[in-house]
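All remarks here apply to the structure that follows.
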Amino acid sequence: MKTRRALGLVGEEARVRGWVYRKRDLGGKIFVVVRDSEGVMQVVVDRATAPPEAVRAAEAATIESAVEAWGRVEADPRAPGGAELRAEGFVLHSRAEDFPIKGGEGVDYLLDVRHLWIRSRRLTAVWRLRHVALHAMRRYLDENGWWEVSPPILTQSAVEGGATLFEVNFFGRKAYLSQSAQFYLEALIYSLERVWSLTTSFRAERSRTRRHLYEYWHLETEEAWARMRDSMRVAAELVAAAVRGVLEGASEELSLLGRSTEPLERAARPDYPSITYDEAVELLRRKGVSVEWGDDLGADEERVLTGYFDTPFFVTHFPKHLKSFYMKPDPGRPEVVLGFDLLAPEGYGEVIGGSEREDRYEALLARIREEGLNPDEYRWYLDLRRYGSVPHSGFGLGVDRLVMWIAGLDHIRDSLPFPRFRDRIYP
RNA sequence: GCCGGGGUAGCUCAGCGGUAGAGCGCCGGGCUGUUAACCCGGUGGUCGGGGGUUCGAAUCCCCUCCCCGGCGCCA
């Protein structure tokens with residue numbers, strides 16, 4: 001049985017198995033803290049009362065050895081969790097060699113032994129929290145009429161800039177790892193209308209920040225007939241659903257991670273404020289940041305802006321030249337586009353980017369040419385505007401960034417088990 | 001790509017021209033209740049790699065590789 005259940009069986013017999021988390025061998029007793037997928041439990045092997053073979057096994061057990069123990073559960077305030085197993089039997093299933101992680105190691109070293117580091121209680125709590133957040137978002141989409149679809153990862157052309165593509169050899173031809181499923185989702189709205197996907201996206205930007213991965217988990221939506229505001233509402237509801245899901249289903253993980261729940265409670269309702277790019281520039285100037293209209297909002301600017309809000313918030317209507325060619329210009333103000341970002345508070349920054357898409361063939365073609373892109377490469381994408389084009393909008397959510405904010409992590413690498421960032425590809 | 005910091009024992013680091021060090025870990029011993037247990041003893045090194053200066057280089061110089069923090073780019 002799991003340690004969590006065994007801890008509640010005071011006065012009864014229990015049997016637990018797992019890995020040695022801590023071991024303290026005193027003269028008369030051996031204390032072995034056993035870790036499993038649900039927590040830890042202390043096993044006490046008493047040299048005076050336990051069978052000799054159990055004592056020998058406990059003596060031989062090293063940190064991270066796989067063990068199994070059985071006996072009576074007794075309440076004891078000195079035991080972690082308030083109860084412990086008084087061993088009547090103890091078996092060493094597999095003795096671990098000297099475990100290379102003892103505590104106090106540096107990040108570089110720990111990343112080299114990431115396959116072992118991921119056993120830590122802290123990281124385990126993150127994976128659980130992540131599961132809960134993803135589950136909550138999937139459930140929200142499912143209950144609101146969205147179809148989950150499976151777009152390709154191997155693609156021929158870019159969605160974002162071409163300089164940041166990972167190239168692969170496709171039987172002698174060049175192909176690329178997907179940066180975004182957006183174009184494929186756009187193709188699917190003509191039959192399913194509301195679609196979403198969860199895929200890995202790849203960006204070969206040589207970023208050295210704590211919020212970039214080369215390979216990240218991308219939750220994207222696309223909806224026919226939807227305007228920018230419709231898409232923003234979905235984005236807010238999706239994030240709020242994830243936050244609520246974690247508050248309800250991962251409260252122990254939040255507390256193990258030392259995460260304050262106050263910012264999360266404020267974000268549990270999807271009524272996030274929204275400002276335009278123009279207003280953002282105005283707010284920044286008021287704080288003494290020197291920005292000109294048309295400048296991109298960098299990390300410093302984002303940080304200042306997040307100081308104005310204590311919930312996630314939107315920034316909308318960016319200057320056209322700052323954003324991708326597929327975003328639709330505002331009909332009343334063609335120098336800005338109907339695009340939006342959702343920024344997480346507490347300095348975490350951009351979690352979602354979305355827009356209403358350009359749905360007119362000629363306008364899209366003109367924008368592709370304006371950007372110096374080759375229209376031939378976007379032929380099938382342009383085709384979508386030739387056969388029953390409709391207004392549509394969508395967004396992409398960085399799952400890892402959302403988890404990073406919800407869990408209160410100080411680096412995106414710990415939002416997933418084997419992060420691909422910097423020059424790390426091992427393990 | 002740019003700016004800054006750093007590579008010395010298994011790990012974290014000190015040493016910064018004159019015989020390679022500490023703490024932790026590990027191994028052995030002790031201890032009837034530990035919470036990263038404690039006490040005693042032992043173990044441990046291509047000083048990231050290459051070249052140079054010097055009587056002598058971990059230490060100074062050049063090249064190179066790797067790591068960390070930040071910027072830009074984005075999710």
Side-chain angles (χ1 to χ4, degrees), chain A residues 21-33 40-50 62-63 74 76-82 84 86 97-113 117 120-121 159-164 178-182 198-220 235 239 295-303 318 322-324 339-344 348-354 395-405 410-413 415-416 421-424 426:
Chain A
Y21 181 64
R22 300 271 187 267
K23 182 183 147 185
R24 287 171 280 270
D25 186 349
L26 279 70
K29 294 189 174 86
I30 304 169
F31 298 89
V32 182
V33 180
V40 296
M41 183 177 199
Q42 176 161 281
V43 174
V44 184
V45 182
D46 192 329
R47 282 192 165 89
T49 60
T62 50
I63 300 296
E74 298 291 351
D76 194 309
R78 295 168 293 188
E84 63 190 16
R86 305 276 166 84
E97 292 177 32
D98 182 26
F99 199 65
I101 302 172
K102 334 256 184 202
E105 291 85 0
V107 172
D108 182 32
Y109 174 77
L110 287 169
L111 285 168
D112 284 340
V113 292
W117 187 18
S120 81
R121 297 188 73 197
V159 173
E160 308 293 341
T164 62
S178 171
Q179 296 174 310
S180 166
Q182 182 191 321
L198 176 60
T199 62
T200 42
S201 278
F202 300 85
R203 304 260 168 114
E205 307 153 347
R206 293 187 75 82
S207 305
R208 293 196 61 90
T209 78
R210 57 180 73 188
R211 40 198 278 261
H212 281 85
L213 296 165
Y214 296 135
E215 176 185 25
Y216 68 98
W217 287 84
H218 209 173
L219 194 166
E220 293 171 275
V239 168
D295 289 351
D296 208 350
L297 306 179
D300 291 339
E301 289 78 21
E302 271 191 12
R303 220 164 286 129
F318 293 91
L322 294 178
K323 293 292 179 180
S324 297
F340 64 90
D341 285 350
L342 182 72
L343 309 197
Y348 280 92
E350 189 172 353
V351 167
I352 285 178
F395 62 83
L397 177 154
V399 172
D400 321 283
R401 285 191 180 172
L402 182 67
V403 169
M404 182 187 174
W405 167 62
D410 56 16
H411 202 296
I412 198 165
R413 66 177 160 237
S415 68
L416 74 178
F421 74 112
R422 300 295 168 89
D423 288 319
R424 287 193 172 274
Y426 174 94

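A, B, ... follow the sequence lines: proteins, then strands. Residue 1 opens every chain. No hydrogens, no waters, no symmetry mates; every other heavy atom, side chains included, goes into these values.
Among residues two or more places apart in sequence or in another chain, the salt bridge (charged side-chain N to carboxylate O under 4.0 Å, His left out) test is passed with A:R78 by A:D76. Judged as a side chain to side chain contact (heavy atoms under 4.5 Å, CB included), and not counting sequence neighbours, the contacts of A:A235 are A:F314, A:F340, A:I352, A:F395. Every side chain to side chain contact (heavy atoms under 4.5 Å, CB included) that A:T62 has, sequence neighbours left out, goes to A:S65, A:R95, A:A96.
Taking NE2 from A:H411 and NE2 from A:H212, the interatomic distance works out to 11.0 Å, rounded to the nearest 0.5 Å. A distance of 4.5 Å separates NZ in A:K29 from CG in A:D46, rounded to the nearest 0.5 Å. Of the inter-residue distances, the one linking A:K23 atom NZ with A:F31 atom CZ reads 13.0 Å to the nearest 0.5 angstrom.
We find that CG of A:L397 is positioned 14 Å from C1' of B:rC74, with the value rounded to whole Å. One interatomic measurement links the two molecules: CG of A:D112 to C1' of B:rG10, which rounds to 13 Å at whole-angstrom precision. Rounded to an integer number of Å, the gap from CD of A:E302 to P of B:rA75 is 11 Å. B:rU34 atom P lies 19 Å from atom CE of A:M41, rounded to whole Å. At whole-Å resolution of the value, CG in A:D410 and C1' in B:rC68 are 13 Å apart.
For the pair A:V239/A:L397, a side-chain contact is recorded, criterion being any heavy-atom separation below 4.5 Å from C-beta on. No side-chain heavy atom of A:I63 sits less than 4.5 Å from a side-chain heavy atom of A:K102. Between A:S415 and A:W217 the shortest side-chain heavy-atom distance does not fall below 4.5 Å.
Here the separation of B:rU46 from B:rU12, taken at their P atoms, is 15 Å to the nearest Å. B:rG49 and B:rA58 have their C1' atoms separated by 14 Å, given to the nearest Å. If you take atom C1' in B:rG72 and the same atom in B:rG1, they sit 9 Å apart, rounded to whole Å. Between B:rC26 and B:rA36, the distance separating the two C1' atoms is 16 Å to the nearest Å. Of the C1' atoms belonging to B:rC24 and B:rG69, the separation is 26 Å, rounded to the nearest Å. When the P atom is used for both B:rU59 and B:rG42, the distance is 31 Å, rounded to whole Å. B:rG44 and B:rC11: their C1' atoms are spaced 12 Å apart (whole Å). Distance check on atom P: B:rU53 versus B:rC13 gives 34 Å, rounded to whole Å.
Base pairing of B:rC24 is made with B:rG10, judged by Watson-Crick or G-U wobble geometry with both donor-acceptor distances under 3.5 Å. Pairing for B:rC2 is with B:rG70, a Watson-Crick or G-U wobble pair whose two hydrogen-bonding atom distances lie under 3.5 Å. Remark: B:rU34 base-pairs with no nucleotide; criterion is Watson-Crick or G-U wobble with both hydrogen-bond distances under 3.5 Å.
In this structure, the side chain of A:R211 does not engage the main chain of A:I412 through any donor-acceptor pair within 3.5 Å. Checked by atom type and distance alone, the side chain of A:S207 never pairs as donor or acceptor with a backbone atom of A:T209 at under 3.5 Å.
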Protein-nucleotides 71-73 of chain B N/O pairs under 3.5 Å:
unit_1	atom_1	unit_2	atom_2	d
B:rC71	OP1	A:R303	NH2	2.8
B:rC71	N4	A:R208	N	3.2
B:rG72	OP1	A:A299	N	3.0
B:rG72	O6	A:R208	N	2.9
B:rG72	N1	A:R206	O	3.4
B:rC73	OP1	A:D296	OD2	3.1
B:rC73	O2	A:S207	OG	2.9
B:rC73	N3	A:S207	OG	3.3
B:rC73	N3	A:H212	NE2	3.1
B:rC73	N4	A:H212	ND1	3.3
B:rC73	N4	A:H212	NE2	3.3

Tabulate atom names and distances for all N/O pairs under 3.5 angstrom spanning the protein and nucleotides 12-15 of chain B.
unit_1	atom_1	unit_2	atom_2	d
B:rU12	OP1	A:G106	N	3.1

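In summary, the side chains of A:R401 and A:Y216 do not present any donor paired with an acceptor at a separation below 3.5 Å, with no hydrogens or angles considered.
Residue-level contact check: A:L402 touches neither bases nor backbone, having no heavy atom under 4.0 Å from any strand. Counting any heavy atom pair closer than 4.0 Å across all strands shown, A:P100 reaches no nucleic acid atom.
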For a quick check, with a 4.0 angstrom heavy-atom cut-off, what is the B/S/- contact string for nucleotides 20-33 of chain B, read 5' to 3'? -----SS----BBB
Does the side chain to side chain contact (heavy atoms under 4.5 Å, CB included) test come out yes or no for A:L111 and A:W117, once each step is laid out? CA-CA 8 Å; A:L111 285 168; A:W117 187 18; 3.9 Å; yes
